[in-house]
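Because only heavy atoms are used, hydrogens play no part in the values below, and waters and symmetry mates are left out as well, while side chains stay in. So you know, we letter chains A, B, ... as the sequences are listed, proteins then strands, and number each from 1.
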Number of protein chains: 2
Amino acid sequence: MNEPSLTGGREAKRRTILESAVRVFAENGFFAARIRDIAAGAGVAEGTIYLYFDGKDDLLLTAFREKVNEFCASVRDVLPSELSFEQRLARFIRLQFESIEADPALATVLLLESRQSSKFYGGAVRDVLKLYAQAIDELLGSGGAENALREGVAIPLARRMLIGLLEEIELEWLLGDRSRPLVPLADRVADTFYRGLAPAP
Amino acid sequence: MNEPSLTGGREAKRRTILESAVRVFAENGFFAARIRDIAAGAGVAEGTIYLYFDGKDDLLLTAFREKVNEFCASVRDVLPSELSFEQRLARFIRLQFESIEADPALATVLLLESRQSSKFYGGAVRDVLKLYAQAIDELLGSGGAENALREGVAIPLARRMLIGLLEEIELEWLLGDRSRPLVPLADRVADTFYRGLAPAP
DNA sequence: CGCCGGTGAGTGATGGCTCATTCATGGCGC
DNA sequence: GCGCCATGAATGAGCCATCACTCACCGGCG
């Protein structure tokens with residue numbers, strides 16, 4: 001009885017509102033986004049939003065947590081496979097690109113607002129991003145464990161490079177021409193990055 | 001007589017205002033920044049700002065253009081040297097890191113706001129960023145010309161990777177602990193990225 | 001008939017920008 | 001030299017539009 005779930009429930013409306021918020025944030029940016037538009041997009045009154053969320057900030061933060069958790073999951077999905085480090089890396093990048101293509105609006109919000117948010121909202125956002133960083137460190141660490149990393153490669157630095165280069169590629173796709181799919185780039189990106197880390201053969 | 005220049009001039013006040021704006025933008029973010037605070041920081045009245053700039057947006061855009069031009073210059077400084085591609089790459093990254101360390105407030109504004117701006121302010125910002133992209137393409141192209149790039153490395157993709165990984169490293173430094181200097185990382189970053197591009201030996 | 005999720009007009013705060021006024025400057029007639 | 005006025009830079013108190021958020025009211029369901 002603790003599960004209202006199927007179709008009609010409170011949870012469904014909550015999701016509708018959140019999805020509308022993400023769309024409006026993605027289109028206008030967080031600051032320019034108006035609660036009125038989010039309400040209109042969700043087909044509810046302004047007041048209703050405050051029955052489900054604590055306000056504009058909460059809407060952003062919630063969307064955030066959701067997507068980052070999805071990203072983290074995609075890292076951990078890849079970890080325990082029997083593939084080589086190089087293949088796991090490629091697979092992780094492909095998964096991430098797929099998740100960007102699957103929900104571009106949410107991805108736009110995440111990539112466009114995360115920097116601001118982490119500086120100006122502080123704690124909560126930063127904690128969420130830390131999870132993502134840890135997940136990637138694990139992936140890279142697993143490469144180190146099987147001697148796929150050259151001597152002198154520092155994992156935190158490599159992690160920052162990887163996060164950054166993926167972000168830039170994803171962002172250019174999101175803000176630019178989305179007709180060419182993103183996923184086919186994954187192998188080339190993984191290849192270049194992997195060669196940067198690998199021991200000389 | 002057309003040169004007022006030395007010390008007192010109009011230009012000096014213009015710069016004072018712009019510098020104050022950059023500081024306030026960096027501290028609070030563009031949207032939360034108040035004209036009142038910019039004025040206070042520059043030691044002028046609010047109205048004065050509008051004698052020198054067209055408004056808040058113009059302040060941001062002007063700061064922008066300035067820093068990007070500086071970045072572009074640092075690429076072009078490096079191009080015509082007799083160093084190897086690998087060394088030019090390292091030198092470029094070092095120059096860029098130095099320029100970040102030299103004016104962290106301006107760099108913060110640039111890195112934190114550029115994404116938003118390019119999406120929501122459109123044209124003007126995007127044109128400026130295109131210059132930067134072109135400059136980097138030249139650098140990478142010069143590597144291709146001396147066979148320092150592996151077959152199948154696409155310059156636009158490599159450019160995005162380079163821009164992204166630098167941004168992330170710079171941003172983590174700007175938002176985090178600035179006590180450890182950034183410049184010493186340049187060689188390791190250049191090394192890793194270069195190995196990613198270089199032909200197998 | 002009472003309860004409660006939902007409503008949307010209203011409120012209060014905020015902050016970009018304006019413009020009537022003040023002030024500093026320097027050229028000019030005496 | 002000495003006042004006097006024209007010029008325009010500088011000022012900052014308000015104006016006004018914009019929203020996030022609230023709350024008194026509504027209507028349908030059990």
Below 30° counts as parallel, above 60° as perpendicular, anything between as tilted: where do the rings of Phe31(B) and Phe31(A) land? parallel
If only atom types and distance count, is the side chain of Lys56(B) paired as donor or acceptor with the main-chain N or O of Phe30(B) below 3.5 Å? yes
Please walk me through it: do Met161(A) and Glu168(B) pass side chain to side chain contact (heavy atoms under 4.5 Å, CB included)? CA-CA 7 Å; Met161(A) 291 176 67; Glu168(B) 182 70 22; over 6 Å; no
Residues in salt bridge (charged side-chain N to carboxylate O under 4.0 Å, His left out) with Arg160(A), at least two apart? Glu172(B)
What residues 28-35 of chain A contributes to the DNA chain D interface at heavy-atom separation below 4.0 Å is Ala33(A), Arg34(A), Ile35(A)
Contact list for DNA chain C against residues 44-60 of chain B - heavy-atom distance below 4.0 Å: Glu46(B), Tyr50(B), Gly55(B), Lys56(B)
Residues in salt bridge (charged side-chain N to carboxylate O under 4.0 Å, His left out) with Glu113(A), at least two apart? none
Tell me whether Arg195(A) is salt-bridged to Glu86(A), with the criterion being a basic N under 4.0 Å from an acidic carboxylate O. no
Suppose the criterion is side chain to side chain donor-acceptor pair (under 3.5 Å): which pairs have a residue in residues 144-156 of chain B, not counting sequence neighbours? Asp191(A)-Arg150(B), Arg88(B)-Glu146(B)
Quick test of your reading: applying ring pair (Phe, Tyr, Trp, His ring centres under 6.0 Å), list the pairs with at least one residue in residues 136-157 of chain B, sequence neighbours left out, ordered by first then second residue. none
Can you give me the N/O atom pairs linking the protein to nucleotides 15-17 of chain D at distances under 3.5 Å, or say none if there are none?
none

Please determine which of Leu131(A), Ile136(A), Val128(A) meets the side chain to side chain contact (heavy atoms under 4.5 Å, CB included) test together with Cys72(A). Leu131(A)
Filter on side chain to side chain donor-acceptor pair (under 3.5 Å), then keep only pairs touching residues 18-36 of chain A, sequence neighbours left out; what's left? Arg34(A)-Asp37(A)
Residue pairs, two or more places apart or on separate chains, that pass ring pair (Phe, Tyr, Trp, His ring centres under 6.0 Å) and touch residues 122-171 of chain A: Phe71(A)-Tyr132(A)
Is it the case that more than 12 heavy atoms not belonging to Arg91(B) sit under 6.0 Å from its CZ atom? no
Electrostatic pair Arg178(A):Glu101(A) at N-O distance under 4.0 angstrom: no
Side-chain atoms of residues 46-55 of chain B: list all donor-acceptor pairs with protein atoms under 3.5 Å, sequence neighbours left out, distances to 0.1 Å.
{"from": "Thr48(B)", "atom 1": "OG1", "to": "Ala45(B)", "atom 2": "O", "distance (Å)": "3.3"}

Between Arg94(B) and Asp187(B), does at least one N-O distance fall below 4.0 Å, as a salt bridge requires? yes
Nucleotides 25-27 of chain D: which of its N/O atoms have a protein N/O under 3.5 Å away?
none

First-last contacting nucleotides on DNA chain C - partner chain A, under 4.0 angstrom, heavy atom: dG6(C) to dG8(C)
